[in-house]
There are 2 protein chains.
Amino acid sequence: MGKTRPGGHAVRMIDVARAANVSLMTVSRALKEPALLSEETRKLVLDTVRRVGYVPNHIASNLASARSNVVGQIVPSIQNSLYSHSIKGCADVLRTAGVQLLLADSGYSLEDEEALIDAFLAQRVCGLVLHNTVHTPRAAQMIRAAGIPIVETGDLARTPIDMAVSYSNFNAAKEMTLYLAGRGYKSIGFVCLTTKNNMRARERLKGYHAALTALGRERNPGLVREVEGGLTSGAHAMVDMMQRAPEVDAIFFAGDVLAVGALFEAQRRNWKVPERIAIAGFDDLDILRHTVPRLTCLNLPRLEIGRRSAEALLQRMRSNEPAVPTKLDLGFEIIQREST
Amino acid sequence: MGKTRPGGHAVRMIDVARAANVSLMTVSRALKEPALLSEETRKLVLDTVRRVGYVPNHIASNLASARSNVVGQIVPSIQNSLYSHSIKGCADVLRTAGVQLLLADSGYSLEDEEALIDAFLAQRVCGLVLHNTVHTPRAAQMIRAAGIPIVETGDLARTPIDMAVSYSNFNAAKEMTLYLAGRGYKSIGFVCLTTKNNMRARERLKGYHAALTALGRERNPGLVREVEGGLTSGAHAMVDMMQRAPEVDAIFFAGDVLAVGALFEAQRRNWKVPERIAIAGFDDLDILRHTVPRLTCLNLPRLEIGRRSAEALLQRMRSNEPAVPTKLDLGFEIIQREST
DNA sequence: CTGTTAGCGCGTTCAA
DNA sequence: TTGAACGCGCTAACAG
C-alpha cells in the first residue's frame, strides 16, 4: 500500500546527526538513553531534532532491535459496547507504556480470527489479547510458535494458551439464577445467545442448569431460549416463553441487550415488571440504570479486564520470564434493582 | 518493549529459500507477485512456506519498500457507540485491502490528539482518519510534512488538511429545528454538549440559531443548554428548562444519549411525550427505535463515513495523485417517530 | 522466469 | 561519554 512519503524524503536520524555535528548513535542515545549523554550533547541533539522536524521511525527501530511496540486485540464485534469497554481499558494502559493498539473484529468467526492472528503476527505484534478461549488448531499453534505473550478474555479458559483474564460465565449465570430463586421466583426462564459457536453462551447455559440442579429443580426446555442478539429478540423471547410456559415468573436474559428489549415490550403491553414478570439482565449497560423500572443485572468487570490484560502483557514483556500459564478471575457482582 | 520471539528464532524468508533450494527473491515473489513465477516454482515455494511455518515479516517488508500497510484512526472516545460505527466501517474496508487499523482515542483533547498523531507517524502509518476538524498547529503541520493521506470526519471541514468525509452538523441541526417548527412547535429548546473544545457541538448550536433566524424567531437563552454527556444530563436539562421556560413545547437534544435520558425522566414523572413535551434526538441509536414512545431523530451515516474514509485513503494510496483537497458530504435524514 | 547486488533506518556491539 | 562497523529481514533495480 501507500508510500509513506509520496511528497519527499523523511528526515532520518542521520540527517539530525549531521545537522548537529555528532554521530548517528549519539542521536539514537539522546532519544532512547538520554542518561548516557552529557547534558550539553543531549540538549544540542534534542534541539536539533525539533529544529529539523525529525520523526523517529519505529518500524526501522523495531526491525533493528527485534522488538515491537504494538499489541493486537481481536474482539467479536467492534460495535458492541461490551467489548469497547475492554478495548478502552486495554488502550489506556498500553498508551501509558508507549505501546500502540492494533484492533480488529472477528465477527464471532473462528476462521476470521485465525486470519487476523496471521495478519497480526506478520505485523510482529509484541502481544495479543483475544476475546475468545476457543481457536482453530492452526491459530493456537501459530500463537504458540510465535512465542509472544497472549491473554485470552471473555471467559475463564480452562487451559489458557498463555494467560487468561476474565470472569466466569458459568459462575455468573449460576449465581444469578440462584439469586432469583432466593428472591422467591419459582419458575425461572433463561434466554441466551445462540450457543453454537459461542462458548460464552454455552457456559452461561451450563451455569443456569447447574443452579437448577443445586436447587433440586427439574430442567424444563420450555423455559430456555437461544436467540440472536438485539432488542427485538429479547422482546420475542419473553412473549413466546410466557405463552408456552405461563407459569414462568422471572426471566434471566443472559446476553447483550435482550433484557432491555424485553422490558420495552413489557412497557408496550402494560405488563407490570416485576409483578407480572421479573426481568434480570447480564451486563450492567448504562441504560439499565435508567429504565423504568431499573433492571437487576450482573456487573462484569469489562473495563478492568482490558486494563489487566494489558498489564499482564506489559509485565510479561518486561521480565522475559517463561510463559507460566496464569489465570486471573476478576469476578462479578449482582446488582439488585426494581425489576426483580 | 517485548522481544518478538523470546522463545527462539523466527523462520525467515532466507530459510524458506534454502529449504526450497531457490533464491530468496523467488520466495519473495511467490508471496507478492506469484504471476511472475512458473507454476512449478510457485507451488514448490508456497508448499515450503507452509511446511516450515513461515510468517512474513511486514515490518521488514515495510522498511525495505518504504510502504506501510497500517492506517491510524483517532476518535474522541472508544466507548461511545457513535464512533464505534465509524471504526467498524473503516476496519471493514481496510481489511479487504489487507490493511491493518491502529486505533486510539483522544478523550476529546487536542493535546492528546497531537501526541497520538506523533506516535502514529512514528509507526509510519500510511494514512490517518481523524474524527476532528480542529487540531493543534503542530499536529496539522506534522501531518502535512508527513505527506500521507488523511481524512477528517466528524464535521465537514471548511478547509480540510487533505480530505473530509462527513455530514454537516450545522445543516443537520438547522434542518431538525426547522422540521420541528414545521410540525407546529412554537417554542423549541436546544440542548447540546459543552461547546468549549467541541467544534461539532458549536456547529450544531449555530445551526439551531440559523433556523431560528430563518423562522424569524427570537433567540431565547432560556431555551438553550450546554451540558456534559450522559443520560442523567439529558434528564436534568429537560426538567430545568421546563421550569425556567414553561412555554417550551419541544426540545431538540443535539448530542449523544441526552434525548433518551430525557425520555426516561418523562416516563418517571408521567409526563406525556409528545403532548406535554416533544423530544427529538440527534443520532439514531438502536434504542431510540424501541423506547415508548419511539424517538424522532436524525439518521447520520456513521458507518458509511468510516467506510468512505477508508476508501478515500486506499484510493489516494494506490494512485499516487497529488493531494487535491476533497470534501464528501454524506448528508443525513430526519426520522419521524412518535415523540414529536 | 530467476538470481545478484545494494540498500531501507535504526540498534547492537565493540572499540576509542 | 562518543563513534564505527555490522546486520535486522526484506524489496528494488538490474542482470542473466
Side-chain angles (χ1 to χ4, degrees), chain A residues 1-5 8-46 48-49 52 54-69 121-124 126 146, chain B residues 1-5 8-46 48-49 52-69 121-124 126 146 320:
Chain A
M1 282 309 106
K3 283 273 187 188
T4 305
R5 309 202 67 253
H9 282 293
V11 179
R12 296 157 304 168
M13 199 178 263
I14 187 71
D15 301 320
V16 178
R18 290 204 253 262
N21 241 311
V22 295
S23 81
L24 182 151
M25 272 317 297
T26 301
V27 179
S28 175
R29 286 183 184 119
L31 264 18
K32 305 260 157 133
E33 303 266 18
L36 295 183
L37 298 186
S38 73
E39 187 172 336
E40 194 180 19
T41 322
R42 184 177 44 217
K43 187 174 177 319
L44 165 67
V45 173
L46 294 181
T48 313
V49 162
V52 301
Y54 171 67
V55 179
N57 187 334
H58 275 167
I59 215 166
S61 163
N62 289 345
L63 180 60
S65 62
R67 293 159 193 289
S68 141
N69 64 140
L121 291 181
Q123 292 294 338
R124 292 300 188 269
C126 58
Chain B
M1 282 311 105
K3 283 272 186 190
T4 305
R5 307 201 69 254
H9 281 291
V11 179
R12 296 157 305 168
M13 199 177 262
I14 187 71
D15 301 320
V16 178
R18 290 204 253 263
N21 240 313
V22 295
S23 81
L24 183 152
M25 273 315 296
T26 301
V27 180
S28 176
R29 286 185 185 117
L31 264 17
K32 304 261 156 130
E33 303 265 17
L36 295 182
L37 298 186
S38 73
E39 187 171 339
E40 194 181 19
T41 323
R42 187 177 42 216
K43 188 174 176 317
L44 166 65
V45 174
L46 294 180
T48 314
V49 162
V52 301
Y54 172 67
V55 178
N57 187 334
H58 274 167
I59 216 165
S61 164
N62 289 344
L63 181 61
S65 63
R67 291 158 194 290
S68 141
N69 66 140
L121 291 181
Q123 293 293 338
R124 291 300 187 269
C126 59
N320 252 332

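Note that these values count all heavy atoms, side chains included, but never hydrogens, waters or copies made by symmetry. Chain letters run A, B, ... following the sequence lines, proteins first, then strands; residues in each count from 1.
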Arg67(A) CZ - dG7(D) P separation (whole Å): 20 Å
Dot-bracket notation for DNA chain D, counting Watson-Crick and G-U pairs under 3.5 Å, with | for partners on another strand: ||||||||||||||||
Run the side-chain donor-acceptor check on residues 30-40 of chain B: report pairs under 3.5 Å with partners two or more places apart or on a different chain.
unit_1, atom_1, unit_2, atom_2, d
Lys32(B), NZ, Ser61(B), OG, 3.2
Ser38(B), OG, Thr41(B), N, 3.2
Ser38(B), OG, Thr41(B), OG1, 2.5

Checking dT2(D), dG11(C), dT12(C) against the side chain of Ser61(A) (C-beta onward), the nearest is dG11(C)
Measure the distance from CZ on Arg124(B) to C1' on dC10(C) and round it to the nearest whole Å. 11 Å
Among the nucleotides dG3(D), dC8(C), dA12(D), which one has an atom lying closest to any side-chain atom of Met25(B)? dA12(D)
Taking Asn62(B) for the side chain and Ile59(B) for the main chain, is one N or O donor matched with an acceptor at less than 3.5 Å? no
Could you give the NZ-to-P distance, from Lys32(B) to dC1(C), as a whole number of Å? 21 Å
Distance test, side-chain N/O of Ser38(B) to OP1/OP2 of dT2(C), below 4.0 Å: yes
Report the C-alpha distance between Arg18(B) and Arg12(B) in whole Å, list the side-chain angles of each, state the deciding distance to 0.1 Å, and finish with yes or no for side-chain contact (heavy atoms from CB on, under 4.5 Å). CA-CA 10 Å; Arg18(B) 290 204 253 263; Arg12(B) 296 157 305 168; 4.2 Å; yes
Nearest-Å distance, CG (Leu63(A)) to C1' (dC10(C))? 8 Å
In terms of side-chain heavy atoms, does Gln123(B) have a donor or acceptor partner in Asn69(A) at a distance below 3.5 Å? yes
Between Ser28(A) and Arg42(B), the residue closer to the 5' end of DNA chain C by nearest nucleotide is Arg42(B)
Between dG9(C), dG11(C), dT12(C), which nucleotide gets closest to the side-chain atoms of Leu24(A)? dG11(C)
Ser23(A) side chain near dG3(D) phosphate (N/O to OP1/OP2, under 4.0 Å): yes
Here the gap from Arg67(A) atom CZ to Cys126(A) atom SG, rounded to the nearest 0.5 Å, amounts to 10.5 Å
For dT1(D), take OP1 and OP2 only and decide whether either is under 4.0 Å from a side-chain N or O of Thr26(A). no
Side chain of Met13(A), heavy atoms from C-beta onward: which of dG11(C), dA12(D), dT2(C) has the nearest atom to it? dG11(C)
For Thr48(B) and Val16(B), which heavy atoms make the closest approach, and how far apart are they? CG2-O, 3.8 Å
For Val11(B) versus Tyr54(B), what's the shortest heavy-atom pair and its separation? O-CD1, 3.3 Å
According to side chain to side chain donor-acceptor pair (under 3.5 Å), who are the partners of Arg42(B), at least two apart in sequence or on a separate chain? none
Closest to the Arg12(B) side chain, choosing from dG7(D), dG9(D), dT12(C): dG9(D)
Whole-Å gap separating C1' (dG7(D)) and CD1 (Ile14(B)): 14 Å
Starting at atom CG of Asn62(B), determine the distance to atom P of dG9(C), rounded to an integer number of angstrom. 13 Å
Counting any heavy atom closer than 4.0 Å, what does Leu37(A) reach on the DNA or RNA strands: base, sugar-phosphate only, or nothing? sugar-phosphate
What integer distance in Å separates Tyr54(B):OH from dG9(D):P? 10 Å
So, is Thr41(A) near the phosphate of dT2(D), with a side-chain N or O under 4.0 Å from OP1 or OP2? yes
For Ile59(A), answer base if it contacts any base atom (sugar-phosphate contacts may also be present), sugar-phosphate if it contacts only those atoms, and nothing otherwise; contact means non-hydrogen atoms under 4.0 Å. nothing
Under the 3.5 Å rule, do the base of dG3(C) and the side chain of Arg29(B) count as making a donor-acceptor pair? yes
Can you check the Glu40(A) CD to dT2(D) C1' distance for me, whole Å? 13 Å
